[in-house]
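As structure tokens, the structure follows; a few thoughts come after it.
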Amino acid sequence: MMNQKRLVEKDSPRTKDDLIVIAGAGGFIAGNLVLFFKKKGFKRIRAVDKKPLAEWYLRVPGVESLSLDCSQEDSCRRVCEGAVEVYNLAADMGGMGFIERFRIECLRSILINTHMIEAAYRAGAKRYFFSSSACAYNTLLQQDPKVRALKESDAYPAMAERGYGWEKLMSEMFCEEYWHERGLKTFMARFHNVYGPHGTWDGGREKAPAAICRKVIEAIDTGNDTIDIWGDGTQTRSFMYIDDCVKGIDMITHHDPLIATPINLGSSELVSINELVSKVEKIARIKLKRKYDLAAPRGVAGRNSDNTFIKKILGWEPSTTLDRGLSATYQWIKQQYYARKAGRRVVE
Ligand code: NAD
């Protein structure tokens, strides 16, 4: 029976020699996760991404780095060989501009999770983590900027974000059933907008905090005193700093009461896009004229993370303030911007 309770067996404590596999490691969050585990002293980390190695945001020395496509079954088997823990953060994704336009690409990420979880199971991995998203929540609950924060039970009845959100919901279900039917310990976090250094900051896949930092930097550099804002700026969101995100992933994946249980991983500091722009302007010590592009993708009207559950179960929640996190992000993007302008390699 689907909801039959499984006995949670205690596994042997993890050791620094356990092989950790991290997919999507050429990207923002998984790249930072590799760095996090490396700094914690894990000696055997295998990182994988379909991007050529030269394009990874972060290359961590001493980590086995593979350029393979995880939507292919064979690659996943190779990648998961000998794995004790598997973290799947690979997905074809981007900010609103990307996920509203490329729904098919977003949906096709289902192949990555389908093959990765099966390969992890076959390899005898002890734990499997999947990066879900707040886009899995029912969009009907997000039509007002003054939203009530979303709690875990708000995903059903389902009316997820078209494309991207439905893929996340379906992949969550795979994770739940791999536990119920096959006993693979699976963990899922629903991330709410993550930002920080070593992420996408231009090219069309970047998210609001990085896009706004870049636009302010460009405005200063070019002497243009106007900033383009997508929508009317009243949309509200919460933004989680990357350090909180990787710490949360580790905590969630090693807390057995959370097996097969989606949980919010996000900040509960709600801001409007207008407020976000003001914060970046303050960091840059500039004031720009705002031009609102009402035809641009803007996503749901409001979204925030209800952290009641994570505080109760882990006694913790992401707490880096937006002011602190944005300031570090702004400095990093500024350095990347001028390095690129000077013709230097910007991915390092
Ligand atoms: P990212 O785009 O920086 O990283 C994803 C990486 O996956 C990319 O480097 C990409 O090349 C790789 N990838 C795509 N298809 C692949 C394939 N077939 N095989 C191997 N690698 C492949 O994105 P991110 O912000 O680091 O997101 C990581 C995960 O977190 C994703 O699952 C994303 O949906 C989820 N998430 C992110 C946010 C956020 O705010 N950044 C919010 C909610 C959920």
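One-based numbering, in listed order, for ligands and for the atoms of each.
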- [ ] Just say parallel, tilted or perpendicular for the rings of Phe239 and Tyr195, cut-offs at 30° and 60°.
- [x] perpendicular
TODO: Test the Lys51-Tyr57 pair against the cation-pi criterion, namely NZ or CZ under 6.0 angstrom from the six-membered ring centroid and within 45° of the ring axis.
DONE: yes
Return the residue, atom name and 0.1 Å-rounded distance of the protein heavy atom closest to [atom].
{"atom": "atom 11 (O) of ligand 1", "value": "Asp49 OD1, 2.7 Å"}
{"atom": "atom 41 (N) of ligand 1", "value": "Ile29 CD1, 3.7 Å"}
{"atom": "atom 4 (O) of ligand 1", "value": "Gly27 CA, 3.4 Å"}
{"atom": "atom 18 (N) of ligand 1", "value": "Asp69 OD1, 2.7 Å"}
{"atom": "atom 21 (N) of ligand 1", "value": "Lys50 N, 3.1 Å"}
{"atom": "atom 31 (C) of ligand 1", "value": "Leu89 O, 3.4 Å"}
{"atom": "atom 40 (O) of ligand 1", "value": "Val194 N, 2.7 Å"}
{"atom": "atom 3 (O) of ligand 1", "value": "Phe28 N, 2.9 Å"}

TODO: Would you mind finding which of Ala210, Ala90, Cys135, Ala208 brings a heavy atom closest to atom 22 (C) of ligand 1?
DONE: Ala90
- [ ] Check each of Arg190, Glu172, Glu167, Lys168 against Ser132 using the side chain to side chain donor-acceptor pair (under 3.5 Å) test, and report the only one that passes.
- [x] Glu172
Task: Among Phe36, Phe37, Phe130, ring-ring contact (aromatic ring centres under 6.0 Å, His included) partner for Tyr87 - done: Phe37
Which segment of [X] sits under 4.0 Å of ligand 1 when only heavy atoms are counted:
{"X": "Lys207", "answer": "side chain"}
{"X": "Leu111", "answer": "neither"}
{"X": "Ser132", "answer": "backbone"}

Task: Distance (rounded to the nearest 0.5 Å) between Thr200 OG1 and Asp202 CG - done: 8.5 Å
TODO: For Ser153, check side chain to side chain contact (heavy atoms under 4.5 Å, CB included) against everything at least two apart and list the hits.
DONE: Lys151
Task: side-chain hydrogen bond (donor to acceptor under 3.5 Å, both in side chains) assessment of Gln336 paired with His198 - done: CA-CA 10 Å; Gln336 295 284 302; His198 304 289; over 6 Å; no
Task: Between Asp306 and Asn264: side-chain donor-acceptor atoms closer than 3.5 Å - done: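 No, no side-chain donor-acceptor contact under 3.5 Å.
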Open item on the list: Run Leu265 and His192 through side-chain contact (heavy atoms from CB on, under 4.5 Å) and show every step you take.
Closed with: CA-CA 6 Å; Leu265 185 55; His192 290 248; over 6 Å; no
When you measure from the heavy atoms of [X] to every atom of ligand 1, does any distance fall below 4.0 Å?
{"X": "Lys168", "answer": "yes"}
{"X": "Ala23", "answer": "no"}
{"X": "Asn88", "answer": "no"}

Open item on the list: Any nitrogen or oxygen of Tyr164, side chain or backbone, less than 3.5 Å from one on ligand 1?
Closed with: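 In this structure, Tyr164 places an N or O atom under 3.5 Å from an N or O of ligand 1.
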Open item on the list: Suppose clustering is done on Ile, Leu, Val, Met, Phe, Trp and Tyr with side-chain heavy atoms closer than 4.5 Å. Which residues sit in the same group as Leu150?
Closed with: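 Under the 4.5 Å side-chain rule, Leu150 groups with Tyr137, Leu141.
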